[in-house]
Amino acid sequence: MAKPPAGGVFCNTYPSAPACTGQQPACTYCHVAPPQRNDFGAAVASELAPGAPRPLSDNDFAAALPTALRAVEALDSDGDGVTNLVEFQKGTLPADPRSVPAETGGCSGGTNAQYDVCRYDARFAYKRVLLDFCGLSPTYAQLKAFAALSADEQRAKLDAELDRCTQSEFWRGKNGQLWKLAHPKIRPVGSLKSGEDKGAIPLADYYDDYALYAYAQLDDHDARDVMTAKYYVRRETNPTRYTKETSLPSQYVDEAHRAGNITSSWSLIYFVMFTALPRNAASQAYRGYLGYDIAKQEGLFSIPDEPRDYDAKGVTAPACAACHATLDPLSYPFRNYQGLSLTAFNTSARYIPNRLETYFPDVAPNITQTPEAGYLFGQPVKDLVEWAQVGANSDAFAIAAVTDYWKLLVGHPPTPEENAEFVATWRRFKGTHNYSVQRMLHDLIRTEAYGAP
Ligand SMILES: [Ca+2]
Ligand SMILES: [Ca+2]
């Protein structure tokens, strides 16, 4: 059986495990796909309340799991030569022999005349900052001048160059670095684009989405606005400038029902499209802004008595219910957001009270009973605006936002060795920096992950 409490119990048992820093292990830690277990999950299952009648209740399961986990600590379930316990501690997967702890302590300094290869090297960071934020390598003369500075002056110069380069078109302009970060969230399709660079079937202008995303990332603005903004953003070019607007001719949701890019014309037309219950829009927002991919069994918070299957898709079948007990209540708050209507295009991409009753009454016998209230992270939310606020204020949002930059700038998702610096960075982003990406970036370029060659 799929047991959503498992991740939480694991993390209470091993609170310093990298898989638990601000998140929980995915179901795939123990399962191929729930309910089928992988080799590690099978080992745990054999130690789980042996002899007790099955299925175990969630409470009995949660009570028995720590003992079962401890019983398999010394095993090497995937045969990669590393015990399960060491894999918990190092953040590698105990059921994947390709996932093993990286060799550490093998770094021997002093063999590279150019850089200090084991520790933070300001000259290396300087070169990276210019490349990553300005798109240019420093000249030889610039490098010589930088090397001649004192350590304090070098740090100040790095901060100044970061601030200078984030003004560049390379960073903030059309198709620049920030736009690249937005691609997986917006998922542009050229043939469906309206406005500038119009495609063959112009349905919506997703450059509005890029503009709001970029605005929220820049100039000490609040990064959460990408999910919660009641305003829009207009982009001017040469040089690129982003300006707040209360309305745009290409956006139609009334102010009370707006939730940043989640309710943009493009999101509603492309992700809701023709569906009565917009699961795709919900799972895309969950993945894009909160970092959880339900298709990979991430971020499951099953709600009791769900899914209710209001649209009669058969999602109560056991193989479906494991994910849909999370996904369906995540989707209910989208019930009044209209996607694409071909018969009445001027009703598209709007909030329409009683949308299901008006446009989808025949989809299924119980469709109109679909509530607008739903759940995010197991917490009740009354509508999509509250959904977006709860999401934006979650650790998951801060982790996902900083992970985007970590991947762009460090070059990969945080490794177990980088975990401590990563956690400190997203916590400061959320707390000290009040969701200013600009200020978070000043932290990030100071990390060893970024500045050690
Ligand atoms: Ca192993
Ligand atoms: Ca392994």
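Start at 1 with the first residue, then count along the sequence. Whatever order the structure lists ligands and atoms in, that order sets their numbers, starting from 1.
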Holding to salt bridge (charged side-chain N to carboxylate O under 4.0 Å, His left out), I want the full list of residues that pass it with Lys430, two or more places apart in sequence or in another chain. Asp395
Residues in ring-ring contact (aromatic ring centres under 6.0 Å, His included) contact with His183, at least two apart in sequence or another chain: Tyr210
Count of protein N, O or S atoms below 3.0 Å from the Ca ion (ligand 2) equals 7
Answer yes when Arg155 and Asp152 have at least one side-chain N-carboxylate O distance shorter than 4.0 Å, and no when they do not. yes
Just to verify, what does Tyr270 make a ring-ring contact (aromatic ring centres under 6.0 Å, His included) with, not counting sequence neighbours? Trp266
Would you say the ring centers of Phe133 and Phe170 fall short of 6.0 Å from each other? no
Report the distance from atom CD of Glu161 to atom OG1 of Thr166, rounding to the nearest 0.5 Å. 10.5 Å
Of all the N, O or S atoms in Asp76, which has the shortest distance to the Ca ion (ligand 1)? OD1
